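Quick notes on the structure that follows.
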Amino acid sequence: MIEVEHLCKTFTVSRRDAGIRQAVSALFRRETEKIRALDDVSFRIEPGEMVGYIGPNGAGKSSTIKVMSGILTPDSGVCRINGLVPWKQRKEHVRRIGVVFGQRSQLWWDIPVIDSFMLLKDIYRTPDAVFHKNLSQLTEMLSLQEILRTPARQLSLGQRMRCEIAASLLHEPAVLFLDEPTIGLDAASKLAVRDFICQLNREKGTTIILTTHDMQDIEALAGRIILIGKGKILMDGDIEDFRRQLSPVRTVTVSVRKFADMVLPDGVQLVQKQGETGGRMIFTTDTGKVAVPQLIGLLSEKLEMYDLSVENVSMDALVLSLYRKYQI
Amino acid sequence: MRLYFHYLSLHIRERMEYKKSFLLNLMGQFLGSFSAFLVIWFMFARFHSVKGFTFSQVLLSFSVVLMAFSLSECFFRGFDTFSTMIGNGEFDRILVRPRNTVFLVICSKLQLDRLSRMLQAAVMLGYALPRCGVEWTLPRIGVLVMMIGCGMAVFCCLFICGATLCFFTIESIEVINIFTDGAREFGAYPFAVYGKGILRLLTFVVPLACFQYWPMMWLIDPESPVFYAFCPIFSLLFIIPVSLLWKLGVKKYCSTGS
Amino acid sequence: MQRTYPQWRQYLTLFKIRFIAGLQYRAAALAGIMTQFAWGGMTVLLYRAFYLADPAAFPQSFEAMCSYIWIQQAFLAIFMVWGMDPEPFNLIKSGDIAYELCRPVSIYWMWFVKSSAIRLAKAVLRCMPLLIFALLLPEPYRLILPDAGRLLLFAVSVLLALVNIVAFTLLIYISTFYTLDSTGLRSLLSTLAEFLSGGLIPLPFFPDSLQRVLALLPFAGMENTPLQLYNGTLTGSQAAFGIGMQLLWAAVMIGTGVVWMRCALKNVVAQGG
């Protein structure tokens, strides 16, 4: 179980304007600014949960991950993971967690992947039996058979990420932190990684905390979302909750042979019109006032349509609107 | 210890992936210290002695320093690239491993290329030993071994010291180089050459002379007091402030992040 | 509308950016100055010991030697061949060189400008405190201030030395296209250059027969020539010869570099990587 209570962390950064004169004067005097990376962050995660931790760049995502993985000591606040305080009992704590940094590699560049794995076995003092059991399971689940003997430098990004994830799980951690695990991957690799994560969570009950900018990741993986912005927790709940609460708006796109003027009911807006006399028209409707079928009925009376599509608001737009709502 | 050898074997295999570069590197390293030797040679061809020390005696001090330096460098040079480890987040990775941080940094980089330096130090030592006017008895050999061993410890401490600075500033600070690379270069000559002030500094503040000049005086001059021979042990005290500094640095890193 | 954008403007901007970036590192600069001051001081003390051992064997005046050491330390950032910008190596090794190929500037000159800006920025930032310290030292350890003519000659020669060194390091960069991992070659060549250019001991301390050969190699012009011009050891026809050699080798190394870079890039394109 992960308990985080009232976590605070402040960083000091220096700033300077462009230009040679400013660069020279900064040699003698430097302006600094305090940034609250974490501002009273609290949440609880139960064992076996899968949580998406999202927020814009610089919101405090990776600071939180760093605190939880024992790299960073917060200014104040409590964090207990399986009863251990990460920055105080670092060694015992990190033995029980796995961390994947999507943008960095823990594999040795020039030697076969399996050798990196063997080294990790020694680092974590994993017993032979456990290691081999995990290795064969992971090899199968992530289909690594072909690539274990290849040096990391010759792997594609997707293959490498699968190896990275395997490397973080060889010592059977109860908690896995994934920091942007799908960054830069192609669609197929993303799917493979997502499937694996789901399977891991389902079969082994590993608690998973995932940060990402990829909304499809969140939709596919996380049952629960924690949104952080400017160091504060803005929302914590279920994806469906998010959708309902935030965005009752749907987008309806129609293609018509000929535009016609009409009076739109309250709650419906014509957002865009493409083409001269005929073409695409994009409407949004607040489903609280005008339901989608109602709008379609209305439109088909007035317009000669040959195509129509309704879009659920995407996670991207959802997050954007959240950002706007909280002004981050 | 087993883990250390595991790391060692991986490093060797990794280097062997680029054999040509490895060989060139060996040659480069060798040329580096060999040119230092040539400089001494050229200087002595012109001046014959300096502060009463002969060519062989200078070579003795050079080889002791070079040997101690290259031994510690082979193992502890991971600390030399420490600023990049902090910059690219490799140190974060080390912090999420359930092992001692100093140990993992040592393992992260082993500089096998530096073996050439060690080889050269051995050759010079072989040349200087019979010619420096010392009658080699068992206690004298013991002191020589102690000089090299304690010298290695002092250099290790200096490398860690330099790395620790990276915790306090993100900029790469080369000030410690004066005591590591500088000691290698200037330690070629017995430190008394540089005058009394420098000698005192290098005895009591940074104990470089403790494993070089003082015990060497005992070796070449039978009249000198016997405690000179035990100076190398005194230099080991240096380990205490350095390990404290490292702990402080890691703590600071954990409270500020990168 | 066709507007001619002068080519040199791009290089100037690039130069300016690198220069400012170099100025940012305050603590590093301070530490560097201290290190170099200590290093210079130790060197002076060492030469004093040799001077006291046999003043007659000293190949140049002790005062000139001290000036050599201080100027060398003050402008070390220019002279140290091994202090190379690591970026081109990484670009080539990682294949990100593709980005650079997309830019409408010559890679050779871009790297040339960048390398020289880095070296110059470091040197400008560090030289002043060191020079002032060295000027204030007591006789005979202090830095001598030569007349305007010699200063001018020194300035010209130091810039030529910069050109020589950067052209030399560019050859090492280009060789990376063929070897991929160039740390070995880099350490080998930079050590060699440092030794033969007078980085460890001034060339007059070499045995006489070697000195004659060294004067003809490109390395003398990278460090020894400007420094000996400054302290007045090289004068008259020797000075003219020194600067002439600098010009000659600059032309040869730049020419080789430009042509070689063209071949190397063709090779890269052919490989598709």
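All chains are named by letter (A, B, ...) in the order of the sequence lines, taking the proteins before the strands, and each is independently numbered beginning at 1. What you see is a predicted model, and the numbers here were worked out from it, not measured in a lab.
- Listed by sequence position, A:Arg90, A:Lys91 are the residues of residues 82-91 of chain A in contact with chain B, using a 4.5 angstrom heavy-atom cutoff.
- Residue A:His171 is tested with A:Tyr124, A:Phe117, A:Phe131 for a ring-ring contact (aromatic ring centres under 6.0 Å, His included); the sole match is A:Tyr124.
- Salt-bridge check for A:Arg96 with A:Glu172: failed, with every basic side-chain N at 4.0 Å or more from each acidic carboxylate O.
- At a threshold of 4.0 Å, the pair A:Asp128-A:Lys121 counts as salt-bridged, since one of the basic side-chain nitrogens sits closer than that to a carboxylate oxygen.
- B:Tyr253 and B:Asp92 are linked by a side-chain donor-acceptor pair at a separation below 3.5 angstrom, with hydrogens and angles left out of the test.
- Counted by atom type alone, A:Arg160 and A:Gln154 present zero donor-acceptor pairs between their side chains at under 3.5 Å.
- Proximity to chain A (any heavy atom under 4.5 Å) is shown, for B:Tyr7, by both the backbone and the side chain.
- Side-chain contact of A:Glu164 with A:Ser105: a donor-acceptor pair under 3.5 Å is present, judged by distance alone.
- Residue contact with chain B, scored on non-hydrogen atoms closer than 4.5 Å, involves the side chain of A:Ile111 exclusively.
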Under 3.5 Å donor-acceptor pairs involving side-chain atoms of residues 194-205 of chain B, not counting sequence neighbours:
{"residue": "B:Tyr194", "atom": "OH", "partner": "B:Phe186", "partner atom": "O", "Å": "2.7"}
{"residue": "B:Thr203", "atom": "OG1", "partner": "B:Leu199", "partner atom": "O", "Å": "2.6"}
{"residue": "B:Thr203", "atom": "OG1", "partner": "B:Trp214", "partner atom": "NE1", "Å": "3.1"}

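- Interface summary for chain B: among A:His93, A:Glu92, A:Met118, the most heavy-atom pairs under 4.5 angstrom belong to A:Met118.
- For A:Leu120, the part sitting under 4.5 Å from any heavy atom of chain B is the side chain, from C-beta outward, and nothing else.
- Between the side chains of B:Ser33 and B:Gln120, at least one donor N or O lies within less than 3.5 Å of an accepting N or O.
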